[in-house]
Amino acid sequence: MKNKTGFNPLSRTAAHQRAMSRNMVTSLFRFERITTTKAKAKEVRKAAEKLITRGKVDSVHNRRTAAKFIQDEKILNKLFTEIGPRMKDRNGGYTRILKLGFRQGDAADVVILELVDYKLPSSEAEAPAKEKKAEAKKPAAKKAPAKKAASKAKTAEKAAPAEEAK
């Protein structure tokens with residue numbers, strides 16, 4: 001009888017589950033926002049929240065425990081120096097799942113898994129400012145066709161004397 005197993009195997013072997021979970025948690029801490037399927041996001045969230053709880057207290061034991069899961073030294077350091085202290089006043093719920101829709105090929109639920117205090121990087125935050133600049137340039141673009149019309153008139157004037165000479 002299959003009574004509550006406690007996790008979703010995601011149709012993968014145990015080694016593949018472990019590797020995928022490690023990779024996705026590392027990516028979540030690196031970029032602070034990842035796009036994945038709903039089932040994977042729910043599984044990754046469990047591991048990520050436990051690691052963030054460890055990251056709130058910077059001790060040798062917590063670092064070694066987290067290092068078993070996170071292989072990248074830089075990301076491990078980021079967990080204990082940036083992410084953990086940011087979440088110090090929170091008692092849990094460090095991640096958020098936002099639904100995007102369905103994937104084209106297999107209609108799987110696609111979601112964004114992000115840290116709760118995620119802020120857009122400066123390049124994405126500047127995008128609205130770039131759009132405003134583009135809108136400001138549009139009136140200048142309208143003047144350009146007027147120049148083309150004037151140049152066409154000049155060519156027509158040049159062509160007229162040439163026809164008269166014939």
Side-chain angles (χ1 to χ4, degrees), residues 1-139 141:
M1 183 181 303
K2 184 181 174 187
N3 287 331
K4 194 169 183 172
T5 57
F7 69 97
N8 182 355
L10 300 169
S11 300
R12 287 164 172 78
T13 61
H16 191 181
Q17 289 171 29
R18 192 167 41 251
M20 184 184 62
S21 182
R22 283 178 173 180
N23 289 334
M24 292 184 78
V25 168
T26 303
S27 293
L28 176 64
F29 292 155
R30 176 177 288 133
F31 303 112
E32 299 185 9
R33 178 184 229 191
I34 57 174
T35 304
T36 183
T37 62
K38 186 177 178 181
K40 287 180 190 174
K42 285 184 173 183
E43 284 300 310
V44 168
R45 178 172 58 177
K46 291 177 190 177
E49 297 220 354
K50 289 177 184 176
L51 286 170
I52 292 172
T53 302
R54 289 260 183 207
K56 288 164 66 171
V57 178
D58 192 1
S59 67
V60 175
H61 176 67
N62 284 344
R63 278 190 179 259
R64 287 181 178 166
T65 305
K68 290 178 185 176
F69 204 82
I70 299 173
Q71 304 293 316
D72 192 349
E73 187 90 14
K74 291 179 183 176
I75 303 304
L76 183 65
N77 194 30
K78 181 179 179 180
L79 173 65
F80 284 93
T81 58
E82 294 177 27
I83 298 172
R86 280 193 329 217
M87 305 289 185
K88 200 79 161 173
D89 58 338
R90 280 188 165 278
N91 292 326
Y94 311 114
T95 58
R96 161 189 312 135
I97 294 178
L98 303 169
K99 296 178 183 176
L100 287 179
F102 300 102
R103 192 160 53 193
Q104 182 76 30
D106 59 357
D109 284 332
V110 179
V111 298
I112 292 176
L113 176 64
E114 67 181 12
L115 298 179
V116 172
D117 61 348
Y118 176 78
K119 294 176 184 162
L120 289 175
S122 60
S123 62
E124 291 182 28
E126 292 173 0
K130 289 179 182 177
E131 290 175 7
K132 289 178 183 176
K133 289 180 182 177
E135 290 174 5
K137 291 181 180 179
K138 284 183 182 177

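When a residue number appears, it is its place in the shown sequence, counting from 1.
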Measure from the side-chain N and O atoms of [X] to the backbone N and O of [Y], and report whether any donor-acceptor pair falls under 3.5 Å.
| X | Y | result |
| --- | --- | --- |
| K99 | D109 | no |
| T81 | N77 | yes |
| N23 | A19 | yes |
| Q17 | P9 | yes |
| R96 | V116 | yes |

Got a sec: does the [atom1] of [X] have more than 12 other heavy atoms crowding it under 6.0 Å?
| X | atom1 | value |
| --- | --- | --- |
| K119 | NZ | no |
| K42 | NZ | no |
| D106 | CG | yes |

Quick one: do K78 and E73 make a salt bridge, cutoff under 4.0 Å?
no

Any salt bridge between D72 and R30, counting N to O under 4.0 Å?
yes

Among side-chain atoms of Q71 and T26, is any donor-acceptor pair under 3.5 angstrom?
no

How about K56 and Y94: does a side-chain donor come under 3.5 Å of a side-chain acceptor?
yes

Option among R18, R54, R22 that satisfies the side chain to side chain contact (heavy atoms under 4.5 Å, CB included) test with F69:
R22

Over all atoms of both residues, closest heavy-atom pair of [X] and [Y]:
| X | Y | value |
| --- | --- | --- |
| I34 | M24 | CD1-O, 3.8 Å |
| A48 | V25 | N-CG2, 4.2 Å |
| F80 | P85 | O-CD, 3.4 Å |
| E43 | N8 | OE2-N, 3.1 Å |
| L76 | A67 | CD2-CB, 3.7 Å |
| R12 | L10 | NH1-O, 2.6 Å |

Show the numbers, then the answer: is there a side-chain contact (heavy atoms from CB on, under 4.5 Å) between V110 and T35?
CA-CA 7 Å; V110 179; T35 304; 3.6 Å; yes

Could you go through L115 and I52, starting from their C-alpha distance and side-chain angles, then the distance that decides it, and tell me whether this counts as side-chain contact (heavy atoms from CB on, under 4.5 Å)?
CA-CA 10 Å; L115 298 179; I52 292 172; 3.8 Å; yes

To the nearest 0.5 Å, what is the distance between CZ on R64 and OG on S59?
10.0 Å

